[in-house]
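Lettering follows sequence order; numbering is per chain, from 1.
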Number of protein chains: 2
Amino acid sequence: MAKSIRKKLTERVTITDVAHTAGVSKTTVSRYLSGQYHILSENARNRIQEAIRELNYRPNQMARGLKQDRSYLIGMVIADITNPFSTAILRGAEDVCKQRGYSIMVCNTDNDPAKEREYIFMLQSRRIDGLLINTTGRNNQFLRQLAEEHTAIVLVDRKVPELGLDTVGVDNELSTKEAIRFMINRGYEQIAFFTEPLEGVSTRQERANAFKDILIQYGFPVADLYEADLQQAEPLLKQLERFLESSREGKRAIFAANGVILLKLIHALKHKGLRIPDDVAIAGFDEMEWTDLIGPGITTVSQPTYQIGVTAMERIFRRLEGDHSPSQNIAFAGKLIIRGSTPSVKGL
Amino acid sequence: MAKSIRKKLTERVTITDVAHTAGVSKTTVSRYLSGQYHILSENARNRIQEAIRELNYRPNQMARGLKQDRSYLIGMVIADITNPFSTAILRGAEDVCKQRGYSIMVCNTDNDPAKEREYIFMLQSRRIDGLLINTTGRNNQFLRQLAEEHTAIVLVDRKVPELGLDTVGVDNELSTKEAIRFMINRGYEQIAFFTEPLEGVSTRQERANAFKDILIQYGFPVADLYEADLQQAEPLLKQLERFLESSREGKRAIFAANGVILLKLIHALKHKGLRIPDDVAIAGFDEMEWTDLIGPGITTVSQPTYQIGVTAMERIFRRLEGDHSPSQNIAFAGKLIIRGSTPSVKGL
DNA sequence: TTGTACGCGTTATCAA
DNA sequence: TTGATAACGCGTACAA
């Protein structure tokens with residue numbers, strides 16, 4: 001291992017230096033730092049304040065953490081940090097953390113269990129106090145291990161029932177049913193459901209199941225549930241073609257199980273020269289900054305992402321503060337935003 | 001004795017525990033941890049490995065960091081983490097960090113100098129080894145302070161010449177000129193430039209100046225440079241109306257200085273019922289996932305964001321490895337992506 | 001090849 | 001209201 005020698009450009013200022021120039025002991029300075037002003041004399045307090053400013057002192061968090069067995073660090077493990085859904089959650093989580101003096105370490109897994117595991121190890125080494133994770137579901141034993149140490153874990157978006165952890169997300173069944181029911185009521189008679197691979201991802205499963213349930217409830221055949229791996233573009237295109245060939249223009253619609261696949265589908269439609277909603281209607285999960293700008297506007301199920309991030313983070317802090325109540329499953333209501341991509345076709 | 005009691009209470013596995021169960025000293029374990037295998041007997045090495053696995057030991061990074069005066073932490077201070085431009089950079093930076101065992105702490109400033117300052121202090125407390133920052137430009141003295149400690153700082157996107165720091169971004173002058181020149185060649189005779197407030201943000205200034213320069217070069221009057229504060233929607237709308245009233249249909253175009261304002265402008269146009277490009281042509285900085293889907297597709301200047309993140313991070317590591325060469329200013333070429341929002345209007 | 005002893009910067013415990 | 005001292009978990013001279 002090639003290590004480079006680091007030169008000390010500036011000697012680091014320590015609590016001892018502050019104590020020295022303020023003419024008090026380290027202990028007293030430490031008390032000042034942790035805000036125990038009531039046991040400090042006016043005099044000591046002022047001199048310490050002055051010394052800190054003069055020396056430009058910043059307490060060393062590593063030393064504090066080591067001593068206190070607390071890092072004031074939160075890990076955030078996400079499948080894809082470039083997904084706006086994830087960043088909105090991060091935004092919410094970050095706001096709550098900042099306010100409490102915690103920092104967030106971001107980890108991008110690409111849905112790869114191996115990467116996720118590496119990150120969990122790293123975060124464990126850093127003694128993170130809390131973890132907010134959108135998990136692949138393939139590293140449950142390590143998550144359980146983490147939870148057994150002092151780490152407060154909250155699962156975001158994806159549940160893993162066997163872990164018995166707090167979960168925050170949206171009510172997938174409710175929202176999916178509302179959306180599909182809406183499309184049926186608008187007169188669509190053949191609705192395709194496109195999702196990324198279901199295995200291991202509760203969110204996708206819940207939405208797919210809700211889709212099936214509602215179709216059955218309305219007496220429709222469940223013929224068009226497509227699972228597409230988005231690594232390559234081909235599979236999705238093929239499945240889309242299959243659906244288009246098997247359906248009649250005018251009464252058909254597509255529902256996308258999340259924002260990523262919704263975007264891909266819109267791209268594919270454009271690529272094939274198909275118009276929305278004339279050739280095919282479309283709707284799907286995840287409101288994004290562009291959904292009202294594409295064609296006649298895309299009908300979406302909007303998730304309160306920022307709120308999800310805030311809530312997840314608040315659960316973490318509650319746990320850190322000693323709340324040992326049974327694990328909660330917090331599901332927000334999604335909001336169906338109706339736009340031109342799913343017009344009524346009843347008269348046709 | 002006291003040790004075993006403490007262990008039952010806290011359950012934290014330390015290097016001492018590993019040493020005990022492996023039957024060696026802490027030092028030997030430490031050598032193992034830092035990969036100095038050549039000074040370890042086969043026997044010791046195996047026993048340590050086994051002990052680590054058995055106890056599920058993870059070295060405490062806070063302790064290591066404290067001892068080594070290194071945190072293996074990189075701070076990333078960004079104006080808006082939900083901006084796809086920022087997350088793409090983060091993605092690149094993160095990939096490089098992961099590979100080296102570093103972690104990234106994200107800090108969202110909302111372009112607020114006060115928030116930025118708070119974050120700088122916090123990061124200083126954490127003894128970050130490196131900082132990647134998209135700065136407001138209003139906390140230069142604190143950045144200078146950080147740089148004087150052991151922190152390698154790289155400015156991303158926005159420069160601050162007086163700090164003499166490494167900078168990574170895109171060649172704003174070149175790309176802006178190319179884009180405006182392209183629009184002029186396509187026959188547009190009145191081009192408006194919309195930007196967020198110029199003050200203190202080099203990127204915006206460079207683009208605005210390039211815009212002015214090229215107009216002058218072609219003998220056009222520089223009448224339509226609009227600085228809009230996007231906190232409220234009103235100002236932008238008013239300015240847009242001013243431009244539309246002062247210009248003739250058919251030969252007018254809008255250029256947006258970044259992705260955020262480009263999106264707002266497209267929204268505003270839609271809101272006013274104006275069509276692209278029939279009523280007004282439009283182009284702007286920042287390629288986004290939706291730019292090819294809006295109307296006839298939006299002409300954009302694409303920045304190699306992922307590459308910017310990677311490069312910035314690599315500069316940081318180079319500095320940490322002892323590179324003391326003069327500060328670099330790395331400017332990538334942007335790429336003009338021509339789409340239907342800026343058709344040729346020469347014949348009109 | 002291995003181990004002993006000390007120190008990193010901070011907080012907690014106790015005594016004054 | 002203060003301070004001396006012992007940890008926290010690890011790495012590293014120095015010794016063996």
Side-chain angles (χ1 to χ4, degrees), chain A residues 1 3 5-6 8 10-20 22-48 51-52 55 57-72 101 124-127 129 149-150, chain B residues 1-3 5-7 9-20 22-48 51-52 55 57-72 124-127 149-150:
Chain A
M1 207 176 142
K3 275 191 184 174
I5 314 270
R6 290 171 49 109
K8 289 209 173 181
T10 306
E11 281 307 319
R12 303 218 104 128
V13 180
T14 76
I15 199 173
T16 310
D17 299 323
V18 175
H20 198 73
V24 297
S25 73
K26 293 196 304 182
T27 310
T28 306
V29 179
S30 176
R31 289 197 180 102
Y32 174 91
L33 293 178
S34 49
Q36 304 175 51
Y37 300 131
H38 53 286
I39 17 176
L40 289 182
S41 64
E42 190 78 13
N43 183 31
R45 187 172 159 181
N46 290 334
R47 296 176 65 171
I48 292 172
I52 287 178
L55 297 176
Y57 168 72
R58 309 262 180 269
N60 184 327
Q61 274 296 344
M62 291 187 287
R64 304 181 90 162
L66 176 60
K67 179 66 186 172
Q68 300 184 324
D69 197 25
R70 271 194 150 213
S71 61
Y72 297 93
Q124 212 167 3
S125 244
R126 299 222 179 252
R127 301 295 189 263
D129 295 334
E149 298 175 1
H150 315 330
Chain B
M1 177 76 250
K3 263 177 201 163
I5 290 173
R6 178 179 47 73
K7 204 187 148 197
L9 293 177
T10 71
E11 296 233 7
R12 287 279 197 214
V13 181
T14 75
I15 199 174
T16 309
D17 299 322
V18 175
H20 279 2
V24 297
S25 73
K26 294 196 307 181
T27 311
T28 306
V29 179
S30 177
R31 290 197 180 102
Y32 174 91
L33 292 178
S34 49
Q36 305 175 51
Y37 301 130
H38 53 286
I39 8 179
L40 289 181
S41 64
E42 190 78 14
N43 183 30
R45 186 171 158 180
N46 291 333
R47 297 175 64 171
I48 293 172
I52 287 179
L55 298 176
Y57 169 72
R58 308 261 181 270
N60 184 327
Q61 274 296 344
M62 291 187 286
R64 305 182 89 165
L66 177 59
K67 179 65 187 174
Q68 302 186 132
D69 196 24
R70 266 197 159 213
S71 61
Y72 297 91
Q124 211 167 3
S125 244
R126 298 220 180 254
R127 302 294 189 262
E149 297 174 1
H150 318 325

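Between A:Met62 and B:Arg127, some side-chain heavy-atom pair lies under the 4.5 Å cut-off. Side-chain contact between A:Val18 and A:Leu33 is absent, with no heavy atoms from C-beta onward closer than 4.5 Å. Proximity of A:Arg64 to A:Asn60: side-chain heavy atoms (C-beta onward) are nowhere separated by under 4.5 Å.
Of the residues in residues 58-65 of chain B, B:Pro59, B:Asn60, B:Ala63, B:Arg64 come within less than 4.0 Å of DNA chain D through at least one heavy atom, sorted by number.
Rounded to an integer number of Å, the gap from CG of B:Leu33 to P of D:dG9 is 14 Å. At whole-Å resolution of the value, CD1 in A:Ile15 and P in D:dG3 are 12 Å apart. Per the geometry, CG belonging to B:Asp69 stands 10 Å off C1' belonging to C:dG9, to the nearest Å. Between B:Arg70 atom CZ and D:dG9 atom P the separation is 24 Å, expressed in whole Å. Atom pair B:Arg126:CZ and C:dT10:P shows a separation of 14 Å (rounding to whole Å applied). The separation between A:Ile48 atom CD1 and D:dT1 atom C1' is 12 Å, rounded to whole Å. Distance B:Leu66 CG to D:dG11 C1': 10 Å, rounded to the nearest Å. Atom OH of A:Tyr37 is separated from atom C1' of D:dT1 by 16 Å (rounded to the nearest Å).
Interatomic distance, B:Arg126 CZ to A:Ser71 OG, rounded to the nearest 0.5 Å: 7.0 Å. If you take NE2 on B:His150 and CZ on B:Arg70, they are separated by 10.0 Å, rounding to the nearest 0.5 Å. Interatomic distance, CD of B:Gln124 versus CD of B:Glu149, reported as 4.5 Å (0.5 Å rounding).
Remark: A:Ser25 is in phosphate contact with D:dG3, judged by side-chain N or O atoms under 4.0 Å from OP1 or OP2. The side chain of B:Thr28 contributes an N or O atom lying less than 4.0 Å from OP1 or OP2 of C:dG3. When the side-chain nitrogen and oxygen atoms of A:Tyr32 are compared with OP1 and OP2 of D:dT1, none of them lie within a distance under 4.0 Å. Here B:Thr14 does not reach the OP1 or OP2 of D:dC8: none of its side-chain N or O atoms lies under 4.0 Å away.
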Between the protein and nucleotides 12-14 of chain C, which nitrogen or oxygen pairs come in under 3.5 angstrom?
{"residue": "C:dA12", "atom": "N6", "partner": "A:Thr27", "partner atom": "OG1", "Å": "3.4"}

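Judged by distance alone, the side chains of A:Thr27 and A:Ser30 never bring a donor and an acceptor atom under 3.5 Å apart. Between the side chains of A:Tyr32 and A:Gln36, no donor-acceptor pair of N or O atoms lies under 3.5 Å.
Closest-nucleotide positions on DNA chain C for B:Arg45 and A:Thr16 were compared, and the one nearer the 5' end corresponds to B:Arg45.
Between B:Asp69 and A:Arg12 a salt bridge is recorded (basic side-chain N to carboxylate O distance below 4.0 Å).
Residue B:Val24 is classed as a sugar-phosphate contact, given heavy-atom separations below 4.0 Å to backbone atoms only.
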